[in-house]
Every structure is written in C-alpha cells, then in structure tokens.
There are 2 protein chains.
Amino acid sequence: MAATILVVEDEPAIQELISYNLELAGHNALKAQNAEQALEMVRTALPDLVVLDWMLPGMSGIEFARKLRADKRTQAVPVIMLTARADERDKLQGLETGADDYLTKPFSPRELNARVKAVLRRRAPQATDDPVEISGLKLDPASHRVIGNGTPLALGPTEFRLLHFLMTHSERVYSRTQLLDQVWGDHIFVEERTVDVHIRRLRKALEPTSHDRLIQTVRSAGYRFSATA
Amino acid sequence: MAATILVVEDEPAIQELISYNLELAGHNALKAQNAEQALEMVRTALPDLVVLDWMLPGMSGIEFARKLRADKRTQAVPVIMLTARADERDKLQGLETGADDYLTKPFSPRELNARVKAVLRRRAPQATDDPVEISGLKLDPASHRVIGNGTPLALGPTEFRLLHFLMTHSERVYSRTQLLDQVWGDHIFVEERTVDVHIRRLRKALEPTSHDRLIQTVRSAGYRFSATA
DNA sequence: GCCACGCTGTCACAACGTTGTCACGTTTAT
DNA sequence: ATAAACGTGACAACGTTGTGACAGCGTGGC
C-alpha cells in the first residue's frame, strides 16, 4: 500500500502530525496549506487519496471537494474529510460533499491510518503499487499476479498481500504481531498463530518453483523474506 | 529498535498519540495514566525507557523520576520528560531531575521518535536497530543476522541477544550477574553458571570464522568482548 | 433461492530447537 | 599441592513452529 496522499491542512502542527503518520505507514505525503495550492498540486500529479480539512482559509474544504468531483480527471480520487466536532460532521453528511469518510478532531493516528487503509482498499486497490522481483520471483500488484521463473503461481488474497508485504520489506524480520498489523490491518483481532498457517500456505504456493526457500523462519522472532540462504 | 517503553501520561489522547507512534516505530509501548500505576508496572518489568509527563494527577512526574533514580534497580533507566511550555522546561533543567531529554508540548511525532532513538542509542544501544560490526563480525538486528567475514553464522535467540549486548558494550568486563540482568532480564531466577554455558555456545557458533577469540574470559570478574587480543 | 466452491481462522498434535542444570575435566592463583 | 574458577558434554524439560483437518463465511453460478 504505498500510496501518494495529498494532505490539505492549514494548521502546521496538524499537517505535520498527519503527514508524518502517513509516511510512517509507508505512504508518500504531499502537503498543501490551502485549497488553491492543493488544486495546483492535483493538476501536476494525481494523488491516490486526499485528506482534507473542512475549514480552510480561502476556498473551503467542501468547495475543494466539489471541484474535485466536478472534474472528470479527479472525479474518482477518494477523499477523507477532517471535521472539528461531531456536530459539524453531521452537517457535512447532510451536505453530501462526496467524501469517502470522515474523521472528527481530535482523532488518533491509529484511527487515521485505519481509515486511510480502508478507503484505499475500497477505492484504489491496485493503482498505487509497482511490480516487485526478487530472485526470479515476480509479483505484479497491477495484474495481481505472481510468477516464479516464468510459471504462474496461484495464491489466495491474504497470501498475496502477505507476499507483497514481505517482498517489499525483505531482509528484515517481522514478528507475527507486526505482520498482523501490516497485512491484516491494525484493528482486527486474530490469533498470532494464524500467521503461521498463512506462511505455510504461502510456502506451499511457492513450492512449485522452489521459491518457498525465500521465506525464512527466525525462531522466537518472526519471519523474514531474504534472497540469501 | 525493539525497545519496551513505558509511557506515563494522564491525557488519553496524548497517551494514545505517543504510544501509537512508538509502536509504529517498532517499539513495545506500556501505558500508565499516573505515577502510582507506573511504579507498579516498573516493579513487574523493567522498561528500556520511560516517557514521562511532567504534570500528573497525584504523584508528579518529577517525583516519579526521583523515585526511579533512588532505586538501584531502576537507576539506569533513561527518562524523557514531557513539559507543557518552554519556560517550564528551563525551570526543570534547573531542578536537575535527572531526565535524559525533554520534549516541549506541542511536539511532533517526528521529534519524539528522534529523541527516543537518540536516548536509546546513548543509554541502551542493544535496544537499537543499528547494525554493529567489529573485526569483521557483523550483527544486524533488523534482519536478525550474524555474519563473520561474509559467511552467515547460526545462533539461538539467547546467544543472539548475548552477542548483541556484548558487541554494543565492547571493551568492558561484565559479571555474570550483570549479564543475566541485561540479557536475560532482571528478577528472573537462573544459575550464574548458566552464563558460562551460553558463552560457550556463543563461542562455538562463532568458531567457524574464528571470531570466538573476541569473547574473552576475565578470571573472577566475568566476560569481555574485545577486538584486541 | 440454492448449492458448490474457495478462503479464512482456529485447533490439536507432531516435530523440532532451545534452555537451564548438572557432573566432571581442566586451568589458574596462592 | 590445593582450592577456586572456568570449560565442556550430556540431558530432560520446555517452548516454538510445522502441519493436516475442519467448520464458518461469503461469492458466484445456476
């Protein structure tokens, strides 16, 4: 989920807070302090998602969102709206601005990330990712395909996301908890050992081309994707 | 960077903000909402670092920090203090509470993480993610790998932690008791001679590349990791 | 609607690695 | 020489991971 996200927020502290957390979550954050600036940036490069403050100096967030929806080119870009209080949120819903989700200030970074993740999964499931290749194992998020030495390999959705994460974060150990957070999402409750089972399924799927050896167990630490034995 | 960090903060929103960011950075966050609760948690398990709000209901942060410094067991635990305004920070410095660093609210998560990293590097290098290399022996916590002159070496979890500690505290003798505290954890009950056995296992694991000579026995004192014979 | 199918999460058990301790051999200092 | 300190191999208890099976769930075809 390496998405480019445009954060439109005039308050520098909140801008920093949001951008930083998005970057920590592996995204690429673009910053704009007002709607005019944001429009300019959208013209240059289309982001995968817009996080938008409702209250902005000059053109308001609502107005900006309307402009996005009006232009065919930017019509499909998902928007998460930031509102100051719960009752303002209600007002907004009445206005039907076309936002994909709302966040009420103050919000926790955890909540922000969860919603960003959810929206991206819903609205931009494939657009953001580049193909990866390691040791003859190719994974292409766009076509949702995995190919080992030329032969296509079949794996389920979870196995695919798991492999994608591991391949884009190779040469590093991840604990079961970290994998659950990163691959499953950070607000779900599943047993840690479930990771084991999916690792096994993934290994089995990669077995035909012997690429299962790339997935290594690090006892009492977690799993690692590595090209070297 | 896999450190256990105790966050003492009564404001739930800030507590969440800090904890979440620490977890994103790969740490394990323990939460306490007041000093009393924090003391109890410290009794159970010693954290690698304490992030402490200055203002707390009941026992103040300063008082808590003093208690930490007073007890030999918790004396060495680094503390990062959170203060509300810059001028309070000056006051605090005058009071010499013994904090390792200060953060003035409002602070950005980026700043928090930077300071945490800096303090850990200074006070608890083995809780850090930084790779270590001494005399051709490389240890990388991120990938959980040990490589001697290019060839990978296999060692068990305890041996890995032991080597990590020794390499980040080289040229210094540690007694069996100290090693037990640092590598095994405090308040656990194992024979001192157990250290001998693990030292031996570690030496055996490093033998293939002759790096076992870096681990030296200091008779009637303990062990030392040293590059010089 | 109804059914077949694939996917998911969980469990129980097997397989394997790790740990702490002991007993005994070896070295070192006085 | 003698006692203390350290090295080393063996081992049983323990913890961690691999694996097959299974029931619940949602989806798409009919």
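All chains are named by letter (A, B, ...) in the order of the sequence lines, taking the proteins before the strands, and each is independently numbered beginning at 1.
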Polar atom pairs (N or O), protein with nucleotides 21-29 of chain D, under 3.5 Å:
none

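- Per the geometry, CZ belonging to Arg224(B) stands 13 Å off P belonging to dC6(D), to the nearest Å.
- Put simply, the side chain of Gln15(B) gets close to the backbone of Ala32(B): a donor and an acceptor are under 3.5 Å apart.
- For the helix from dG1(C)-dC30(D) to dT30(C)-dA1(D), the axis fitted to the five pairs at one end and the axis fitted to the five pairs at the other end meet at an angle of 30° (nearest 10 degrees).
- Under the 3.5 Å distance criterion, the side-chain polar atoms of Arg69(B) are matched with a main-chain donor or acceptor of Gln75(B).
- Interface residues of residues 158-167 of chain B facing DNA chain C, ordered by number: Thr158(B), Glu159(B); criterion, heavy-atom separation under 4.0 Å.
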Pick out the pairs of N or O atoms, protein on one side and nucleotides 12-14 of chain D on the other, that lie under 3.5 Å.
none

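- Annotation: the span from Thr168(A) atom OG1 to Ile134(A) atom CD1 amounts to 8.5 Å, rounded to 0.5 Å.
- Remark: the backbone N or O of Ser135(B) is paired with a side-chain donor or acceptor of His211(B) at under 3.5 angstrom.
- A salt bridge is defined here as a Lys NZ or Arg NE, NH1 or NH2 lying under 4.0 Å from an Asp or Glu carboxylate O, and Lys204(A) with Glu207(A) fails to meet this definition.
- In this structure, Arg122(B) contributes its side chain and Pro78(B) its backbone to no donor-acceptor pair below 3.5 Å.
- When only modelled atom types and interatomic distance are considered, Thr228(A) and Arg145(B) share a side-chain donor-acceptor pair under 3.5 Å.
- Between the side chains of Thr217(A) and Arg203(A), a donor-acceptor pair is found at a separation under 3.5 Å.
- With a 4.5 Å cut-off on side-chain heavy atoms, Leu112(B) and Tyr20(A) do not count as touching.
- Between Phe160(A) and His164(A), the ring-plane angle classifies as tilted under the 30° and 60° cut-offs.
- Nucleotide dG18(D) holds its P atom 8 Å from the CD1 atom of Ile199(A), rounded to whole Å.
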Which pairs, protein N/O on one side and nucleotides 15-17 of chain D N/O on the other, fall under 3.5 Å?
unit_1: dG15(D); atom_1: N2; unit_2: Arg219(A); atom_2: NH2; d: 3.0
unit_1: dT16(D); atom_1: O2; unit_2: Arg219(A); atom_2: NH2; d: 3.0
unit_1: dT17(D); atom_1: OP1; unit_2: Arg176(A); atom_2: NH2; d: 2.9
unit_1: dT17(D); atom_1: OP1; unit_2: Ser220(A); atom_2: N; d: 2.7
unit_1: dT17(D); atom_1: OP2; unit_2: Arg176(A); atom_2: NH2; d: 2.6
unit_1: dT17(D); atom_1: O5'; unit_2: Arg176(A); atom_2: NH2; d: 3.2

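- Atom NZ of Lys138(A) is surrounded by 12 or fewer heavy atoms from other residues, nucleotides or ligands within 6.0 Å.
- Looking only at side-chain heavy atoms (C-beta outward), Leu153(A) and Leu137(A) come within less than 4.5 Å of each other.
- An OP1 or OP2 oxygen of dT8(D) is reached within less than 4.0 angstrom by no side-chain nitrogen or oxygen of Lys204(B).
- In this structure a side-chain-to-backbone donor-acceptor pair under 3.5 Å is present from Glu171(A) to Ala227(A).
- Without hydrogens or angle criteria, Gln178(B) side chain to Tyr174(B) main chain gives no donor-acceptor distance under 3.5 Å.
- The interatomic distance linking Ile215(B) (CD1) with dG7(D) (P) rounds to 11 Å, in whole Å.
- Of the possible polar contacts, one joining the Asp100(B) side chain to the Val79(B) backbone as a donor-acceptor pair under 3.5 Å is found.
- Between the CG atom in Leu155(A) and the NE2 atom in His144(A) there is a gap of 8.0 Å [rounded to 0.5 Å].
- Shown for residues 177-192 of chain B: no residue has heavy atoms falling under 4.0 angstrom of DNA chain D.
- Around CZ of Arg172(B), the count of heavy atoms belonging to other residues, nucleotides or ligands within 6.0 Å does not exceed 12.
- Here Arg176(B) pairs with Asp196(B) in a salt bridge; the nearest charged N to carboxylate O distance falls below 4.0 Å.
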